[in-house]
Amino acid sequence: MSMARWGQPFLVLFAAWLITGLCFGSAFARSPQSGQELFILRVIAPTPAAIARLTDGRYDLLEARQGDALFVLGDQTVLRSLRAEGFEVSVYARVPERRESFAPFTYFGGYRTVAEHYAHLDAVAAMHPELATVVDYGDSWRKVNNRPNGHDLLAICITKRRPNDCQLTPNTDKPRLLLIAAIHARELSTSEMAWRWIDELVSQYGQHPDVTWLLDYHEMWVIPVANPDGRHLVEQGGSAPYLQRKNMNDSAGTCPPPGDPNYIYSQPGVDLNRNASFKWAGAGSSSAPCNQTYRGATAASEPEQSALEALMAQLFHDTRGPLDSDAAPITTTGAMLTLHSFSDLILLPWGWTSCSGPCPPSQRAPNDAGLRAFAFRMSHYNGYAVGQASELLYPASGTTDDWAYGILGVPSFTFEIGPINGPCGLFTPAYSCQDNLFWPLNRPAFLYAAKVARRPYQLVHGPTTLTVTLSSPAVLSGQPVTLTALVRDDAYGSAANSVGRPAVQRIVAAEAYVRLPDWAGGTAIPMTAQDGAFDSPVETATAVINTSGLSAGRYLIFVRGQNAAGHWGPVTAQWLTVLGEWYFPVVRR
C-alpha cells in the first residue's frame with residue numbers, strides 16, 4: 001500500500017482540530033519552556049532510519065502519519081533542532097489554546113478519577129455479586145516504595161459466576177477477554193471506555209441476548225486504570241490535566257516535575273508500554289530516563305508491568321513456542337485488547353519490527369492471517385484503520401500486546417481511540433465525546449472480540465451474523481416462528497489506510513440453535529437462503545422454529561454462518577419467549 005493514501009483522513013482531523021481551537025479564541029498555546037508558540041510540526045521521514053531517529057525518545061511524537069511525514073509537538077526551538085539534524089520540517093498547524101470553562105474542582109469536565117474508578121469496581125461487585133468480583137493483582141510503584149498516593153492494581157472479572165469462576169489459573173472452560181485501559185496515564189478516553197464496558201456487561205445481563213450468553217459461557221476481565229499512579233498525577237491538573245504519560249518512578253532523580261517549565265518535554269517515570277519483557281529495549285524505545293518512551297532500567301522492571309504480565313500468564317494458557325516464527329495453534333483461546341489514544345487505529349503484532357510500507361512475511365507475526373482478520377472484523381464496527389505499528393505509525397518494542405501474543409500466543413491488539421473529525425479530534429477530548437462518539441463506535445467492536453474469544457484463530461475467518469430477528473418475539477407453545485438473519489462475510493473494515501484486508505468469501509450455509517449453542521451440545525437447525533441459493537458474500541437466511549417441544553419460558557436462539565473456505569463464524573443471539581397454554585390475552589372493548 002502506498003503511504004500517500006494516509007493524507008486525506010489526517011488533513012481532515014487536523015483541520016477540524018485547528019478550526020475547533022479557533023472557535024474558543026484567537027490565542028495560541030505557548031511552550032512553558034520558552035514562551036514560544038506551540039506547533040504541530042510536519043517532519044519528512046522517508047526511510048526506516050529517519051523514522052528511527054524520530055522515535056528515539058527525544059521528540060514528542062503524535063500518533064499520526066501522512067505519507068512520509070510524521071508529526072511532532074514543539075516550538076521554534078524544536079523546529080530548529082529538527083532542521084539541524086537534516087530533517088525537512090514545516091509548520092503544519094499552530095496549536096490553539098483551549099478556552100473552556102469548568103466548574104471548580106472538576107476533573108476536565110467529567111472524567112472519573114482513579115478513586116472513582118476503584119469505587120465503581122467495588123460498587124459493581126456489591127450490587128452484582130452473582131456476576132462480578134474485584135481482583136487485586138499487585139501494587140503500583142509508589143505503593144511498593146512506600147510513597148504517598150500509591151495504589152493497588154485492580155481488575156474486575158465479570159461472568160455468570162459458578163463456584164470456581166474468576167480464579168487466577170488458565171485452567172477454566174470459560175474463554176477470557178481481557179481489556180486494559182490507561183497504561184499511558186494521559187490518554188483519558190481509555191478508562192472511560194472500560195467504565196462503560198463494565199456497566200454494559202452487568203446492566204445488560206438477562207436483557208441483551210449477546211451479553212447474556214457471553215457471560216454465561218465466557219469471563220470478561222477489565223483493568224480500568226493500569227497506571228494509577230500516573231493517572232492520579234494527571235488528575236491534579238483539574239481542567240488542564242497534566243500530560244503524564246509514564247508511571248511515577250522518579251528514582252532516576254533528574255527529570256523535571258510537573259509545574260517545571262521543562263515538564264512538557266521531559267518528565268519522570270517509565271513508559272509501561274515499552275517496559276514489557278518481550279523484545280524489550282528495541283526500536284521505538286529510549287534509554288534516557290526523562291524521555292517519553294523511556295523503557296526502564298531492565299525488562300519488566302516496573303511493578304505495574306511485572307504484575308500485569310503475571311496476571312496475563314494466570315488468565316491464559318501459554319500456547320506459542322519460543323521462536324519468533326512459532327505460530328500459536330488454532331485451538332488457542334482468549335483475547336486481549338489494550339486501549340490507547342488517539343488516531344482511530346487497531347494495531348496488531350508485531351509492534352517491534354520495522355517496515356517501510358506493508359511488512360513482508362518475515363516481519364509479520366506467524367499468526368498474521370488470524371490477527372489481521374480479527375482486527376479487520378472489529379474495524380467493521382468502528383471504522384478504524386488496521387495494521388502493524390510500523391505500517392501505520394512507527395515501530396514500538398516492549399509493548400503489552402506484543403508480550404501477550406509473543407509469550408502466550410493470545411491474539412492481542414492496541415486500540416488507538418481517537419477522533420473522526422470535529423471537536424473530538426483533540427488529544428484530550430471533551431468529555432461529551434465519550435458517549436457521543438467513542439462508545440457507540442467501540443461497544444460493538446468489544447462485543448465482537450468477546451464473541452470470538454472461544455476460538456479466535458478459527459472464528460475470525462468465518463462470516464459475521466449481523467442481525468437476528470423473529471417474526472414474533474413471543475408465541476404460544478406449539479406455534480411456529482420464522483427466524484431471519486443477515487450473514488455477511490464482507491464485514492471487514494474498509495479504512496483507506498489499512499493494510500492487508502482479507503479476501504471476501506461467499507456464504508455457503510447458515511444454521512440456528514435453540515437454547516444451547518453448538519459448543520454446549522445444541523442441535524443445529526439448517527437455514528435456507530431467502531433468495532433461493534447461498535451464492536454471495538451477503539445473505540439473508542431464514543428458518544422456521546418449531547416450538548412444540550418447548551415448555552413455557554424464554555430461550556436464546558443462536559445463529560452462525562459458514563463461508564466457502566469452510567469457516568464458521570461466531571454466533572449472534574436473539575430472545576424467543578414461549579407462552580404456556582394458560583396464557584390468554586386480555587381483550588379490551
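These numbers were taken from a predicted model, which means no experiment stands behind them. For reference, positions follow the sequence shown, starting with 1.
- Using a 4.0 Å cut-off between charged nitrogen and carboxylate oxygen, R162 and D165 count as a salt-bridge pair.
- In this structure, T55 contributes its side chain and I51 its backbone to a donor-acceptor pair below 3.5 Å.
- Counting only heavy atoms from C-beta outward, the side chains of V410 and H317 never approach each other to under 4.5 Å.
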CA sep, side-chain torsions, deciding dist, call: T319, T332, side chain to side chain donor-acceptor pair (under 3.5 Å):
CA-CA 7 Å; T319 64; T332 296; 3.0 Å; yes

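- No side-chain N or O of Y217 forms a donor-acceptor pair with one of D173 less than 3.5 Å apart.
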Between E85 and R53, is the salt bridge (Lys or Arg N to Asp or Glu O under 4.0 Å) condition met? List the steps.
CA-CA 9 Å; E85 288 194 48; R53 288 161 59 203; 3.7 Å; yes

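- Looking only at distances, a side-chain donor or acceptor of E391 sits under 3.5 Å from a matching main-chain atom of C359.
- Annotation: F316 is not in aromatic contact with W221 [ring centroid separation under 6.0 Å not met].
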Assess the residue pair N249 and S251 against the criterion (side chain to side chain donor-acceptor pair (under 3.5 Å)); give the C-alpha distance rounded to whole Å, side-chain angles, the decisive distance to 0.1 Å, and a yes or no.
CA-CA 6 Å; N249 180 353; S251 59; 2.6 Å; yes

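- The shortest distance between side-chain heavy atoms of F446 and L339 falls below 4.5 Å.
- A donor-acceptor pair under 3.5 Å links the side-chain atoms of H218 to the main chain of A450, judged by distance alone.
- Counting only distance, with no hydrogens or angles, the side chain of S140 and the backbone of H151 share a donor-acceptor pair below 3.5 Å.
- Atom OH of Y394 is separated from atom OG1 of T293 by 9.0 Å, given to the nearest 0.5 angstrom.
- Between M220 and I198 the shortest side-chain heavy-atom distance does not fall below 4.5 Å.
- When side chains are defined from C-beta on, E116 does not count as touching P224, because their heavy atoms never get closer than 4.5 Å.
- A donor-acceptor pair under 3.5 Å is formed between the side chain of T190 and the backbone N or O of A182.
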Under the side-chain contact (heavy atoms from CB on, under 4.5 Å) criterion, do D122 and V134 qualify, and how do the steps go?
CA-CA 7 Å; D122 289 337; V134 178; 4.0 Å; yes

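- Ionic pairing of R443 and E200 is present here: one or more N-O contacts between side-chain nitrogen and carboxylate oxygen are shorter than 4.0 angstrom.
- Ring geometry, W195 versus H120: the interplanar angle falls under 30°, so the pair is classed parallel (tilted spans 30 to 60°).
- Between D250 and R147 a salt bridge is recorded (basic side-chain N to carboxylate O distance below 4.0 Å).
- Residues S397 and W280 are not in side-chain contact: their nearest non-hydrogen atoms beyond the backbone lie 4.5 Å or more apart.
- For the residue pair H340 / E187, a side-chain donor-acceptor distance below 3.5 Å is found, with atom types taken as modelled.
- The aromatic rings of Y448 and F374 sit perpendicular, their planes meeting at an angle over 60°, well past the 30° parallel limit.
- A distance of 12.0 Å separates CG of L371 from CZ of F376, quoted to the nearest 0.5 Å.
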Stepwise side-chain contact (heavy atoms from CB on, under 4.5 Å) test for V202 and L215
CA-CA 9 Å; V202 296; L215 295 192; 5.9 Å; no

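- Using cut-offs of 30° and 60° on the angle between ring planes, the pair F108 and Y111 is parallel.
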Checking side chain to side chain donor-acceptor pair (under 3.5 Å) for the pair Y137/D152: CA distance, chi angles, key distance, verdict?
CA-CA 8 Å; Y137 67 94; D152 295 324; over 6 Å; no

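- Listed here is the closest heavy atom pair of L177 and A449: CD1-CB, 4.1 Å.
- No cation-pi contact links R231 to Y242, judged by a cut-off of 6.0 Å to the six-membered ring centre and 45° from its axis.
- For the residue pair N442 / Y384, a side-chain donor-acceptor distance below 3.5 Å is found, with atom types taken as modelled.
- In this structure a side-chain-to-backbone donor-acceptor pair under 3.5 Å is present from N275 to R295.
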Using side-chain contact (heavy atoms from CB on, under 4.5 Å), reason through I330 and R455 one step at a time and then give a plain yes or no.
CA-CA 7 Å; I330 199 73; R455 284 289 188 269; over 6 Å; no

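- For the residue pair T399/D401, the side-chain donor-acceptor check at 3.5 Å is satisfied.
- The CG atom of L315 sits 9.5 Å away from the OG1 atom of T169 when rounded to the nearest 0.5 Å.
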Show your working on side-chain contact (heavy atoms from CB on, under 4.5 Å) between I180 and T400 and close with a plain yes or no.
CA-CA 10 Å; I180 305 169; T400 311; 4.2 Å; yes

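- Taking each heavy atom of L153 and P303 in turn, the nearest pair found is CD1-O, 4.1 Å.
- There is no side-chain donor-acceptor pair under 3.5 Å between Q292 and D271.
- In this structure, the side chain of T172 engages the main chain of K174 through a donor-acceptor pair within 3.5 Å.
- Salt bridge annotation for E219-R454: absent, with no cationic side-chain nitrogen under 4.0 angstrom from a carboxylate oxygen.
- Residues L345 and L393 form a side-chain contact, since some pair of their non-hydrogen atoms from C-beta on lies under 4.5 Å apart.
- Note that R377 lies in the cation-pi zone of Y492, set by a 6.0 Å cut-off to the ring centre and a 45° limit from the axis.
- With hydrogens and angles left out, the side-chain atoms of E309 and S277 include a donor and acceptor closer than 3.5 Å.
- For the pair T338 and S412, the minimum side-chain heavy-atom distance is 4.5 Å or more.
- Here the SG-OH distance, from C424 to Y431, works out to 13.0 Å after rounding to the nearest 0.5 Å.
- Here the side chain of Q305 pairs no donor or acceptor atom with the backbone of S301 at under 3.5 angstrom.
- Considering NE2 of H128 and CG of D199, their distance stands at 8.0 Å, rounded to 0.5 Å.
- A salt bridge is absent between E304 and K246; no separation between the charged side-chain nitrogens and carboxylate oxygens falls under 4.0 Å.
- In this structure, Q434 contributes its side chain and L437 its backbone to no donor-acceptor pair below 3.5 Å.
- For the pair D75 (side chain) and V78 (backbone), a donor-acceptor distance under 3.5 Å is present.
- The line from CG of N227 to CG of L272 is 5.0 Å long, rounded to the nearest 0.5 Å.
- You'll find the side chain of S266 reaches within 4.5 Å of the side chain of P256, heavy atoms only.
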